[in-house]
Amino acid sequence: MAFTNTEIRYGGVTKGFHWLTALLILTLIPLGLIANWLPYETDAQLAQKAWLFSLHKTLGVTAFFVAVLRILWAISQPKPGLLNADKPAESFAAELVHWLLYAALVIVPLSGWISHAAAAGFAPIWWPFGQDLPLVPKSTNIEHIFGSLHWVATKLLALSVVLHIAGALKHHVIDRDATLRRMLPGEPVIGPLPAQTHSKTPMLAASAIWAIVIAIGTIMGTSSDTAEKAGGALADVASEWAVQDGSIGITVVQFGNEVSGSFADWTAAIRFDETIPSGEVGQVTTTIAIPSLTLGSVTQQAMGADFFDAATYATAVFDAMIRHGVDGFEAAGTLTIKDRSVPMVMPFNLALNGDAAEMRADLTLDRRDFGIGDNVGDEGSLAFAVKVAIKLTALRDTSQ
């Protein structure tokens with residue numbers, strides 16, 4: 001069997017790429033479905049789910065490189081003519097499906113890889129260079145858009161595969177021609193080919209379909225991100241100091257990898273008088289909208305009943321007095337997450353410039369104190385320590 005293509009036959013290299021690609025696709029689709037369906041209530045279940053997702057992602061990256069090599073090889077080779085070129089409708093359908101598949105072999109794995117690179121943590125790709133991509137920043141927006149595109153694109157890939165298989169079986173069982181056999185080992189007898197047409201219409205039709213799929217994926221990803229941000233809107237609060245800007249970020253360690261995120265919606269009612277020389281100098285009540293949390297690829301998991309249980313407990317509250325500390329100021333009070341209130345003292349750095357203040361605090365909490373992830377007792381799966389980084393700038397309301 002020759003390695004290269006001819007005008008009527010596929011060579012050994014093309015056949016090898018074809019069946020390797022088929023094996024990868026028929027492995028990746030069920031693997032992704034199973035990984036999505038698996039629960040993650042226990043350490044063992046979470047570890048199994050992460051392992052399957054890592055396998056899926058790693059094979060997906062493999063499929064991407066196989067697809068690139070296959071396309072480069074195809075460009076360098078003559079394309080064997082269609083055995084049904086004398087049937088315009090069938091030949092158009094065959095060419096359309098081939099173009100859909102070629103695009104899918106690049107778009108599906110690449111969109112998944114970009115989504116992974118834009119996220120943080122959970123289920124790493126096992127290739128040593130797989131976690132990041134050039135020009136792809138860590139971004140929840142990018143993660144959601146390309147994650148949605150990956151989801152939609154896999155549906156078109158699956159449909160194209162089904163149509164491709166159906167067409168091959170139709171040729172083999174009904175037409176009894178050599179379309180399927182010439183992709184198998186050996187060199188079947190192939191009669192004279194019908195006159196071939198070389199139309200760009202199938203390619204243009206496939207391009208239009210993929211443009212629609214990309215648009216749908218982009219809209220879905222953007223809409224889901226907007227819905228998440230709008231879902232936890234808190235009402236404004238009266239405060240002697242009006243927060244101008246700030247962030248409440250958290251970092252967890254899952255399977256040895258740091259996963260960072262932040263709460264998009266929170267309020268702070270602050271009373272503070274820096275002229276008091278000692279003791280208590282004010283009060284702060286911070287309310288945090290739990291559903292506004294984005295935490296990389298584990299956001300959905302974090303919202304679940306075994307973790308923050310956002311469906312039941314929509315907010316967390318830190319209520320504390322502000323007092324002079326050993327070195328600067330500290331807020332001493334209680335932090336309530338879910339149904340647990342835990343005493344907490346939070347030292348913070350404060351820079352004052354007239355009626356403007358800039359504050360920063362870094363602390364570490366134990367998730368077990370708040371009943372978060374009680375079902376995950378192995379620190380190898382999810383560390384107990386959670387780092388919290390708080391930054392804010394505020395202006396004194398001089399009208400009060």
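Just so you know, these numbers use all the heavy atoms, side chains as well, and skip hydrogens, waters and symmetry mates. The shown structure was predicted, so the numbers you read here are calculated from the model rather than taken from an experiment.
- No path of Ile, Leu, Val, Met, Phe, Trp and Tyr side chains, each step under 4.5 Å between heavy atoms, connects Leu204 with Ile214, placing them in separate hydrophobic clusters.
- Annotation: side chain of Leu293 is in contact with side chain of Ile250 (closest heavy-atom distance under 4.5 Å).
- Ion pairing between Glu95 and Lys79 holds under the 4.0 Å rule for side-chain N and carboxylate O.
- Across Leu105 and Arg70, no two heavy atoms sit closer than the pair CD1-NH1, 3.9 Å.
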request  = Might you work through the side chain to side chain contact (heavy atoms under 4.5 Å, CB included) test for Val388 and Thr364, ending with a clear yes or no?
outcome  = CA-CA 6 Å; Val388 181; Thr364 300; over 6 Å; no
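- Pairs passing the ring-ring contact (aromatic ring centres under 6.0 Å, His included) check and including a residue from residues 253-285, sequence neighbours excluded, read Phe272-Phe329.
- Of all heavy-atom pairs spanning Ala74 and Tyr102, the tightest one is CB-OH, 4.0 Å.
- Defined by atom type and a distance below 3.5 Å, a donor-acceptor pair is missing between the side-chain atoms of Thr393 and Asp245.
- Of all non-hydrogen atoms in Asp397 and Ser239, the two that sit nearest each other are CB-O, 4.2 Å.
- Screening residues 366-377 for salt bridge (charged side-chain N to carboxylate O under 4.0 Å, His left out), with sequence neighbours left out, gives Arg340-Asp374, Asp366-Arg368.
- Annotation for Lys391: atom NZ does not count as buried by contact number, only 12 or fewer foreign heavy atoms lying within 6.0 Å.
- With hydrogens and angles disregarded, no donor-acceptor distance shorter than 3.5 Å links the side chain of Arg9 to the backbone of Met183.
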inquiry  = Set out, in order, the CA-CA distance, both residues' side-chain angles and the distance that settles side chain to side chain donor-acceptor pair (under 3.5 Å) for Asp306 and Gln301, then state yes or no.
reply    = CA-CA 9 Å; Asp306 294 315; Gln301 177 188 350; over 6 Å; no
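- For Lys338, the NZ atom counts as densely surrounded, since its 6.0 Å shell holds more than 12 non-hydrogen atoms of other residues, nucleotides or ligands.
- His98 contributes a side-chain N or O that, together with a main-chain N or O of Ala94, makes up a donor-acceptor pair within less than 3.5 Å.
- At least one donor-acceptor pair under 3.5 Å links the side chain of His324 to the backbone N or O of Ile276.
- For residues 202-221, no pair satisfies side-chain hydrogen bond (donor to acceptor under 3.5 Å, both in side chains), with sequence neighbours left out.
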task = Let me see the working for Glu240 and Arg396 under salt bridge (Lys or Arg N to Asp or Glu O under 4.0 Å), right down to the final yes or no.
result = CA-CA 6 Å; Glu240 291 182 5; Arg396 192 192 325 255; over 6 Å; no
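- Shortest non-hydrogen contact noted between Ala104 and Pro109 is O-CD, 3.5 Å.
- The distance from atom CG of Leu234 to atom CG of Asp265, rounded to the nearest 0.5 Å, is 4.0 Å.
- Side-chain atoms of Ser139 and Asn141 include no donor-acceptor pair closer than 3.5 Å.
- Taking CG from Leu31 and CG from Leu55, the interatomic distance works out to 5.0 Å, rounded to the nearest 0.5 Å.
- Gln300 places no side-chain N or O within donor-acceptor distance of the main-chain N or O of Val298, the cut-off being under 3.5 Å.
- When only modelled atom types and interatomic distance are considered, Asn84 and Ser91 share no side-chain donor-acceptor pair under 3.5 Å.
- With hydrogens and angles ignored, the 3.5 Å screen pairs a side-chain donor or acceptor of Asn5 with a backbone N or O of Pro78.
- In terms of heavy-atom proximity, Arg271 sits nearest to Ile322 at O-CD1, 3.9 Å.
- Among residues at least two apart or in separate chains, there is no ring-ring contact (aromatic ring centres under 6.0 Å, His included) pair with a member in residues 341-394.
- Defined by atom type and a distance below 3.5 Å, a donor-acceptor pair is present between the side-chain atoms of Ser199 and Thr201.
- Aromatic pair Trp127/Trp113: centroids not less than 6.0 angstrom apart.
- Side chains of Thr251 and Ser260: a donor-acceptor N/O pair is present below 3.5 angstrom, by distance only.
- Neither side chain, Asn349 nor Glu358, offers a donor N or O lying under 3.5 Å from an acceptor on the other.
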ask   = After noting the C-alpha distance and the side-chain angles of Val253 and Val386, does the key distance pass the side chain to side chain contact (heavy atoms under 4.5 Å, CB included) rule?
value = CA-CA 8 Å; Val253 178; Val386 178; over 6 Å; no
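- Judged by distance alone, with hydrogens and angles left aside, the side-chain atoms of His150 form a donor-acceptor pair with the main-chain N or O of Val108 at under 3.5 Å.
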task = Evaluate side chain to side chain contact (heavy atoms under 4.5 Å, CB included) for Val66 paired with Phe17, printing each intermediate quantity in order.
result = CA-CA 7 Å; Val66 169; Phe17 275 130; 4.1 Å; yes
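- A continuous path of hydrophobic side-chain contacts links Val342 to Phe307 [ILVMFWY only; heavy atoms under 4.5 Å].
- Side-chain atoms of Thr294 do not come within 3.5 Å of backbone N or O of Gly261 as any donor-acceptor pair.
- Taking 4.5 Å as the limit, every side-chain heavy atom of Asp327 sits out of range of all side-chain heavy atoms of Pro347.
- Closest non-hydrogen pair, Ser160 versus Leu100, comes out as OG-CB, 3.6 Å.
- For Trp19, the ring-ring contact (aromatic ring centres under 6.0 Å, His included) test picks out no residue, with sequence neighbours left out.
- A donor-acceptor pair under 3.5 Å links the side-chain atoms of Gln196 to the main chain of Leu82, judged by distance alone.
- For Arg181, the salt bridge (charged side-chain N to carboxylate O under 4.0 Å, His left out) criterion is met by no residue, not counting sequence neighbours.
- Hydrophobic cluster membership is shared by Val106 and Leu133, with clusters built from Ile, Leu, Val, Met, Phe, Trp and Tyr side chains linked at under 4.5 angstrom.
- Side-chain atoms of Leu295 and Val252, non-hydrogen and from C-beta on, do get closer than 4.5 Å to each other.
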